[in-house]
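Remarks on the structure that follows.
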Amino acid sequence: MTVPTSSDYAKVNGLDMYYEVHGAHHEGRRPLVLLHGGVTTIGLSFAAVLPALAADRHIVAPELQGHGHTADTDRDLTVPNLASDVVALLDELGIQQADFLGYSLGGLTALEIAVRHPGRVGRLVLAATQYSQDGVHDEVRAADFDSQRLPSQADFQEMADAYAACAPYPEHFEDFLAKVSASAHAPLPWTADDLRGVRAPTLLVIGDTDFVRVEHAAAMQRLIPRAQLAVLPATTHMTLMRRTSLLLPLVSEFLVE
């Protein structure tokens, strides 16, 4: 894991939102905002890709409400709320427009920003991201933990250990897990027309054994006007952001076009 250039907290929407900055400003390149997955942290989601991405780009990576170093509040954990927090953070940092790489819950958050605040998004990478809940496999929605699509016990232990290591109130993990799980199954706020209106060039990336159905990702690729789709072989939801030999060339080429 690369060590951040700096880290701090920003007061946004009643949160003390933790964020890290990696890499340095490069003339002519937009910052890249990394938005992590549900129940994870910056490190758990992006440790494998951060060193390469930060080598030639200014990166801002926040931890969303209740995640990592960012304490939870009584506010509902919804995709529109999370997106509003990220936009408020960018306002605090004086960043008018950025590229986004969102994974899972972070991908939903990035998509909401692209739909509601199109001028803030340059290029958009949505990893393991659906636009409606019927885009997720039935066994995922049913939480069938015999399915190879679901996180393993070792994955959950990693999440619990990361939470214990950095959360302001580590004893709240089970409550936090339940809150994120409820949020993950809530209806999503977009229509097909919303996707047709996305202006940003978009790269959709899923694993072939992901939460998201390949057919649904293909439908998203048809709806978003300037979208590309990559399906990584032998890749689950939990391994997607670790498949660096496949993922990094795709993302790097897409972001510099």
Quick one: does any side-chain atom of [X] pair with a main-chain N or O of [Y] as donor and acceptor, under 3.5 Å?
X	Y	value
E158	L44	no
S183	L77	yes
Q133	A184	yes
E63	H69	yes
T202	A200	yes

Lys/Arg-Asp/Glu bridge criterion (N-O < 4.0 Å) met for [X], [Y]:
X	Y	result
E215	R222	no
R29	D56	yes
R57	D99	yes

Hey, are [Y] and [X] close enough side-chain-wise for a donor-acceptor pair under 3.5 Å?
X	Y	result
S132	D134	yes
N81	S84	no
S104	H237	yes
Q65	D72	yes
T209	T236	no

**Request:** Dump the intermediate steps for side-chain contact (heavy atoms from CB on, under 4.5 Å) on R120 and L90, then the final yes or no.
**Result:** CA-CA 9 Å; R120 306 305 292 264; L90 297 182; 3.7 Å; yes

**Prompt:** Between D161 and Y163, is a side-chain contact (heavy atoms from CB on, under 4.5 Å) present by the stated rule, with each step listed?
**Reply:** CA-CA 5 Å; D161 291 346; Y163 190 87; over 6 Å; no

**Message:** Determine whether D208 and L232 satisfy the following criterion, side-chain contact (heavy atoms from CB on, under 4.5 Å), listing intermediate values before the conclusion.
**Reply:** CA-CA 6 Å; D208 61 354; L232 304 193; over 6 Å; no

**Request:** Would you please indicate yes or no on a ring centroid separation below 6.0 angstrom for F176 and H67?
**Result:**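 Yes, the ring centres sit under 6.0 Å apart.
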
**Fill in**
When every non-hydrogen atom of T244 is compared with those of V49, the smallest separation belongs to CG2-CG1, 4.0 Å

**Asked** What pair of heavy atoms forms the shortest contact from A47 to P51, and how long is it?
**Response** O-CD, 3.3 Å

**Message:** According to a hydrophobic-cluster definition based on side-chain heavy atoms being under 4.5 Å apart (Ile, Leu, Val, Met, Phe, Trp, Tyr only), do Y169 and L64 belong together?
**Reply:** no

**Message:** Evaluate H22 against E20 for side-chain hydrogen bond (donor to acceptor under 3.5 Å, both in side chains), listing each step before the verdict.
**Reply:** CA-CA 7 Å; H22 293 258; E20 294 178 0; 2.8 Å; yes

**Prompt:** So do L108 and Y131 actually touch side chain to side chain, heavy atoms under 4.5 Å?
**Reply:**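 Y131 vs L108: side chains apart.
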
**Geometric cation-pi criterion R123 and F254, 6.0 Å radius, 45° cone** =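 Yes, a cation-pi geometry holds between R123 and F254.
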
**Complete:** Value for OH (Y18) from CD1 (I42), rounded to nearest 0.5 Å, stands at 5.5 Å

